[in-house]
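Comments concern the structure below.
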There are 2 protein chains.
Amino acid sequence: MTIAPRRTRREEIIEIAARVFAKTGFRATSLAEVAAEVGVSQPGLLHHFKTKDALILAVLQQRDAEDEEWMAGALDPDDVTLETWVRVIAERNLGQPGLVRLFTLTAAESLDADHPAHEYFSQRHLHSRAALTAIVRRDQEAGRVHTDLDPEVVAIEVLAMMNGLQLFWLSAGDVDLVGLLMAHVRRYRTGAA
Amino acid sequence: MTIAPRRTRREEIIEIAARVFAKTGFRATSLAEVAAEVGVSQPGLLHHFKTKDALILAVLQQRDAEDEEWMAGALDPDDVTLETWVRVIAERNLGQPGLVRLFTLTAAESLDADHPAHEYFSQRHLHSRAALTAIVRRDQEAGRVHTDLDPEVVAIEVLAMMNGLQLFWLSAGDVDLVGLLMAHVRRYRTGAA
DNA sequence: GTCTATAGACAGATAGAC
DNA sequence: GTCTATCTGTCTATAGAC
């Protein structure tokens, strides 16, 4: 007899906190707001996360873990190309503006060295760049991407474009996130104009 | 006999507030922090700006006014090209990481409709896109940029790339902001690979 | 595991003296 | 134009009952 996969209160808090932090960021959001959304008292919330800092870190790590799990299901690691990688992420983000906003806002906030997620985002940026560089390099070896391009440059360009377009997309609503990204990425293709 | 251009207290406050808001953003920064840096009491600061909201708006508008004035001196409006426009802005930003951070952080914060600068940044984004689109269109007419590209798409791509690269540049320090931007923009050139 | 109560610090804004 | 004093509200975190 299997036990039904019941969502723990901790998981529930993380999910709701992600939504609330996405609106006003970490620093300007009070634990009381999160607690009210969850339906517990504010000290009740602190029973599950000792400090506010611990909560935002748990939120970010949980989201990364879910993304990683989802990516593993959506893409065969041996078969990832720059174009498939970008498409899969962009299409997923399209349906989750709240999460995009959480990361856009928290990444900017965390530029401050005193921010609890400062180190987290520094590492995240470096890790993203390295991971995408590896994908680009393999595309070049397979003849899919121009070999006279520096793979590290392509990687940072693509990531910058994703972040930058997301800000406009969140701001305006007339932005074709997936279309613009794919059009951009196609220009790295061998044989592109 | 000319009167020496004396900096008013109001201007001094705006300049210092820009620096303080750049570190922790608008919402998480207290008026007391700004006042302490200026060297006045917190009510003394509110004598010059009735509310905190009024202060951030004054800061942003002042910075825009200074940028516009500086641009007018650096570029002949009849002679601006995509490449010169991007180079001039990127090289200026290189020497003002604090201001770049102020706009990066405040733009993200202001995605919230309740933020005092929400409308300001919405308009700013639209205005930037329109202005750069016009420059690209003129480049196309002069044969400097591929005519099979949509000028609105080029404009939003370039702005997204600028914003995105600035975030990495602020985060990591190993990012060649000007070099990466110019390399990107050159790909729109007629005759580019 | 969740609550009430509260400590202790800090917020933005106002009143009124000088 | 700048100050001190203060109002009123909010914040994170803790203590301790149930």
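Chain letters run A, B, ... following the sequence lines, proteins first and then strands; every chain starts at 1.
- In this structure, the nucleotide among D:dG1, C:dT2, D:dC3 sitting nearest to the side chain of B:Ser41 is D:dC3.
- A salt bridge links A:Arg19 to A:Glu37: one of the charged nitrogens lies within less than 4.0 Å of a carboxylate oxygen.
- In the set D:dT12, C:dT2, C:dT14, the nucleotide with an atom closest to the side chain of B:Leu46 is C:dT14.
- Atom-to-atom, CZ of A:Phe26 to P of D:dT12 comes out at 8 Å; the value is rounded to the nearest Å.
- B:Arg138 has no carboxylate O lying under 4.0 Å from a charged side-chain N of B:Glu141, or vice versa, which leaves the two without a salt bridge.
- For D:dC11, neither phosphate oxygen OP1 nor OP2 lies less than 4.0 angstrom from any side-chain nitrogen or oxygen of A:Arg27.
- Protein atom CZ of B:Phe49 is 16 Å distant from nucleotide atom C1' of C:dA13, rounded to whole Å.
- Using a 4.0 Å cut-off between a side-chain N of Lys or Arg and a carboxylate O of Asp or Glu, B:Arg144 and B:Glu83 do not qualify as a salt bridge.
- Position along DNA chain C of the nearest nucleotide to A:Leu45 versus B:Glu33 favours A:Leu45 as the more 5'-ward residue.
- For B:Pro43, counting side-chain heavy atoms from C-beta on, the closest listed nucleotide (C:dC3, C:dA15, D:dT12) is C:dA15.
- Dashed line: the shortest gap from a side-chain N or O of A:His48 to OP1 or OP2 of C:dT2 is under 4.0 Å.
- Contact check on A:Arg27 versus B:Glu109 returns no salt bridge, with no Lys/Arg side-chain nitrogen under 4.0 Å from an Asp/Glu carboxylate oxygen.
- The side chain of B:Val40 approaches D:dC3 more closely than any other nucleotide in the set D:dC3, C:dT14, C:dT2.
- Distance from the side chain of B:His47 is smallest for D:dG1 among the nucleotides D:dG1, D:dA13, C:dA13.
- B:Gln42 has its CD atom 15 Å from the C1' atom of D:dG1, to the nearest Å.
- At the heavy-atom level, B:Leu31 lies under 4.0 Å from the strands shown only through sugar-phosphate atoms.
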